[in-house]
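Values below: all heavy atoms of this structure, side chains included; hydrogens, waters and symmetry mates excluded.
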Amino acid sequence: MERIVALKEGNFQEREEFPFAPKDYADAMDSYDRVLSIVGEIAATTLADNAESVDEEGAHLAGGRVTYARGTAENLRVLHQAGTSGMTMPRRYGGLNFPITPYTMCDELIAQRDAGFSNIWSLQNCIHTLYEFGSEEQRQKYIPRVCNGATMSMDLTEPDAGSDLQSVMLRATYDEAAGEWRLNGVKRFITNGDADLHLVLARSEAGTTDGRGLSMFIYDKERGGVDVRRIENKMGIHGSPTCELTFRDAPAELVGSTRMGLIKYVMALMNGARLGIAAQSVALSQAAYDEALAYAGERRQFGKAIIEFPAVKDMLDLMKARLDAGRALLYQCARYVDIYKALEDVERTRKAAGEVLTPEERQEMKKYARLADALTPLAKGMNSEMCNQNCYDGLQIHGGSGYMKEYPIQRYYRDARITSIYEGTTQLQVVAATRYVTSGVYLALCREMEEQPVTPEVQPYQERSRRMADLLEQATQKVKDATAPDALDHMARRLYEMAALCVMSHLLQYNAAQRPDLFARSLETFMDYAEAELAKHFTIIGKV
């Protein structure tokens with residue numbers, strides 16, 4: 001965090017212009033802590049109080065416009081009044097200039113109480129894509145609105161273009177007479193689809209059928225031209241309206257350059273969204289664990305609390321281990337993102353002054369950009385899968401009561417299911433991660449962490465992780481050497497999980513070395529689980 005704060009705040013001179021800007025590192029960390037405390041308090045009161053009614057009421061559609069559930073509207077109002085809008089944006093536009101890491105922590109706190117609402121709140125960070133790739137005129141026009149509470153959406157998918165975004169066909173044509181772009185077509189499965197500001201992926205190059213003909217646009221609802229055709233009737237996350245939209249000559253502004261919409265801008269947008277779903281997944285894992293732990297301590301059968309039964313205790317231990325390991329992976333990824341994004345911002349500032357990054361800074365930016373790109377699909381894919389398992393196990397511990405709507409565990413169970421689907425399915429996360437498996441990026445990261453000093457109590461686990469990495473190395477080479485057609489495609493999911501478990505084991509070891517009171521038990525449980533999973537995958541890969 002010291003490096004992140006140094007990059008975000010430079011020499012702390014903004015204190016002279018903005019009284020709330022930090023004067024040093026300690027002051028910055030204190031600011032993050034204070035905001036986290038405020039968000040935690042709101043989550044534990046307002047959001048928690050509204051969660052059940054929001055789940056039952058959902059959003060409403062009338063006349064092509066969406067009205068949020070009453071509790072959702074209150075949640076937005078209270079969080080905006082607390083100053084949480086535009087958190088990551090620079091202060092000159094009205095933001096807090098927060099790094100991604102404390103912002104993600106706020107997102108997790110919110111999602112623990114209402115995962116559907118977290119979708120609406122966290123979409124504010126779509127503005128980061130416009131900040132990175134838009135013009136200064138667009139920044140000054142739109143970023144202050146988000147910092148003042150304007151909601152956002154990213155309009156990517158269509159009826160015939162879900163995971164295959166290069167098939168997007170919503171048309172963008174330039175109106176010469178009006179001097180602006182017009183959008184026509186349909187978008188589907190759009191989270192918070194009636195937002196104030198939309199980032200829209202559209203086909204700007206007539207006659208094209210692939211990703212090279214797609215561009216990114218920003219649409220302002222105040223200008224009209226987009227109606228909500230319907231709100232999807234979903235299994236979970238009821239407070240988050242998932243919409244089908246119709247665009248009829250909707251005026252829009254081009255973001256950046258034409259033809260770069262999918263190739264560059266959507267990839268940046270999606271990586272941010274995937275980190276958000278990883279946070280949402282960790283939040284639901286925590287919520288499910290908390291409910292299961294409380295219920296197991298209170299529910300009595302055969303004369304004692306069910307937590308005293310080894311079968312239940314083992315389930316709770318594994319839930320906690322998955323939760324702790326997944327959270328460690330999430331925030332390691334967030335810190336990597338913070339460093340390279342902050343360096344990109346420094347580069348933009350220096351470029352405007354006719355200066356450049358030093359060779360050392362440029363090398364650092366490339367290093368952490370690569371690590372962030374590598375860990376994002378692990379954080380999203382693994383946390384969403386572990387979240388689903390934790391919610392499954394949490395409901396199982398509740399028994400028949402968990403199936404009843406009187407208990408919130410059934411809501412977590414329903415909300416969790418989408419996490420491994422939206423913003424890129426787990427299968428797509430495997431595709432994104434495979435090149436980092438085969439090129440040895442994950443293995444190199446593990447080897448680096450093997451050399452980190454740990455306490456004597458953790459050293460045996462570090463040695464076990466070294467043997468796990470050996471299995472990963474052998475399995476990867478086995479698949480690369482295989483003559484069977486599509487061997488890598490068939491075994492990619494297994495290699496992906498092996499790599500993720502190896503990385504998470506090291507991160508959990510670091511945490512256990514720092515705070516054994518919090519993480520020692522989870523480390524022991526997770527290592528047993530991870531070794532068994534690696535052995536299973538290695539056995540099957542050995543048959544290639």
Taking atom types as modelled, is there a side-chain donor on [X] or [Y] under 3.5 Å from an acceptor on the other?
X	Y	result
Y68	N192	yes
S153	H198	yes
S505	S465	yes

Ignoring hydrogens and angles, write down the donor-acceptor pairs under 3.5 Å from the side chains of residues 266-283, residues two or more places apart or on other chains.
{"residue": "N271", "atom": "ND2", "partner": "D373", "partner atom": "OD1", "Å": "3.4"}
{"residue": "R274", "atom": "NE", "partner": "E423", "partner atom": "O", "Å": "2.7"}
{"residue": "Q280", "atom": "OE1", "partner": "Y422", "partner atom": "OH", "Å": "2.4"}
{"residue": "Q280", "atom": "NE2", "partner": "A115", "partner atom": "O", "Å": "2.9"}
{"residue": "Q280", "atom": "NE2", "partner": "S118", "partner atom": "OG", "Å": "3.1"}
{"residue": "Q280", "atom": "NE2", "partner": "N119", "partner atom": "OD1", "Å": "3.0"}
{"residue": "Q280", "atom": "NE2", "partner": "Y422", "partner atom": "OH", "Å": "3.2"}
{"residue": "S281", "atom": "OG", "partner": "I277", "partner atom": "O", "Å": "2.8"}

Give the intermediate values and the outcome of side chain to side chain donor-acceptor pair (under 3.5 Å) for residues S85 and H80.
CA-CA 6 Å; S85 300; H80 175 60; 2.8 Å; yes
Using atom types as modelled and distance alone, determine if a side-chain donor or acceptor of [X] lies under 3.5 Å from a backbone N or O of [Y].
X	Y	value
D114	L47	no
T419	A416	yes
Y496	Q427	no
T525	S522	no
T425	I421	no
N383	G326	yes
E232	F189	no
K480	T438	yes
R203	L170	no

Answer whether the closest heavy-atom distance between the side chains of [X] and [Y] falls below 4.5 Å.
X	Y	value
D415	M235	no
L375	Q332	yes
L36	L109	yes
N50	T72	no
R370	Y340	no
K264	M216	no
T84	C106	no
V226	K221	no

Trace of the side-chain contact (heavy atoms from CB on, under 4.5 Å) decision for H506 with C446:
CA-CA 7 Å; H506 280 293; C446 289; 4.2 Å; yes
Lys/Arg-Asp/Glu bridge criterion (N-O < 4.0 Å) met for [X], [Y]:
X	Y	result
E385	R322	no
D470	R466	no
R188	E158	no
K405	E52	no
E244	K187	no
R493	E497	yes

In terms of heavy-atom contacts, does [atom1] of [X] have more than 12 from other residues, nucleotides or ligands at under 6.0 Å?
X	atom1	result
F133	CZ	yes
R447	CZ	yes
Y413	OH	no
Y403	OH	no
D160	CG	no
F538	CZ	yes
K366	NZ	no

Any idea how Y295 and H398 line up, ring-wise: parallel (<30°), tilted (30 to 60°), or perpendicular (>60°)?
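Rings of Y295 and H398: parallel, as their planes differ by under 30°.
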For Y131 and H128, take the angle between the two ring planes, folded into 0 to 90°, and tell me which bin it lands in: parallel under 30, tilted 30 to 60, perpendicular over 60.
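Rings of Y131 and H128: perpendicular, as their planes differ by over 60°.
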Looking at E531, E524, E450, which hits salt bridge (charged side-chain N to carboxylate O under 4.0 Å, His left out) with R464?
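Exactly one pass, corresponding to E531.
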What is the minimum heavy-atom distance between [X] and [Y], and which atoms define it?
X	Y	value
Y412	C391	O-SG, 3.7 Å
A43	R113	O-CG, 3.0 Å
A150	D196	CA-OD2, 3.4 Å
A296	I397	CB-CG2, 4.1 Å
V66	D194	N-OD2, 2.9 Å
A161	V168	CB-N, 3.8 Å

Counting the benzene-type ring for Trp, do Y103 and F98 have ring centres under 6.0 Å apart?
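Centroid distance Y103-F98: not below 6.0 Å, so no.
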Give the intermediate values and the outcome of side-chain contact (heavy atoms from CB on, under 4.5 Å) for residues Y368 and D338.
CA-CA 9 Å; Y368 285 105; D338 262 327; over 6 Å; no
What's the verdict on side chain to side chain donor-acceptor pair (under 3.5 Å) for Q286 and R327, showing C-alpha distance, side-chain angles and the deciding distance?
CA-CA 10 Å; Q286 181 74 62; R327 181 178 280 124; 2.9 Å; yes
After noting the C-alpha distance and the side-chain angles of E74 and T46, does the key distance pass the side-chain contact (heavy atoms from CB on, under 4.5 Å) rule?
CA-CA 8 Å; E74 182 186 10; T46 303; 4.0 Å; yes
How many angstroms lie between atom [atom1] of [X] and atom [atom2] of [Y], to the nearest 0.5 angstrom?
X	Y	atom1	atom2	value
Q124	L76	CD	CG	10.0 Å
I409	E406	CD1	CD	14.5 Å
D55	Q410	CG	CD	6.5 Å
I541	T476	CD1	OG1	7.0 Å
M152	I120	CE	CD1	14.5 Å

I100 and N125: CA distance, side-chain angles, deciding distance, side-chain contact (heavy atoms from CB on, under 4.5 Å) verdict:
CA-CA 10 Å; I100 294 294; N125 219 35; 3.8 Å; yes
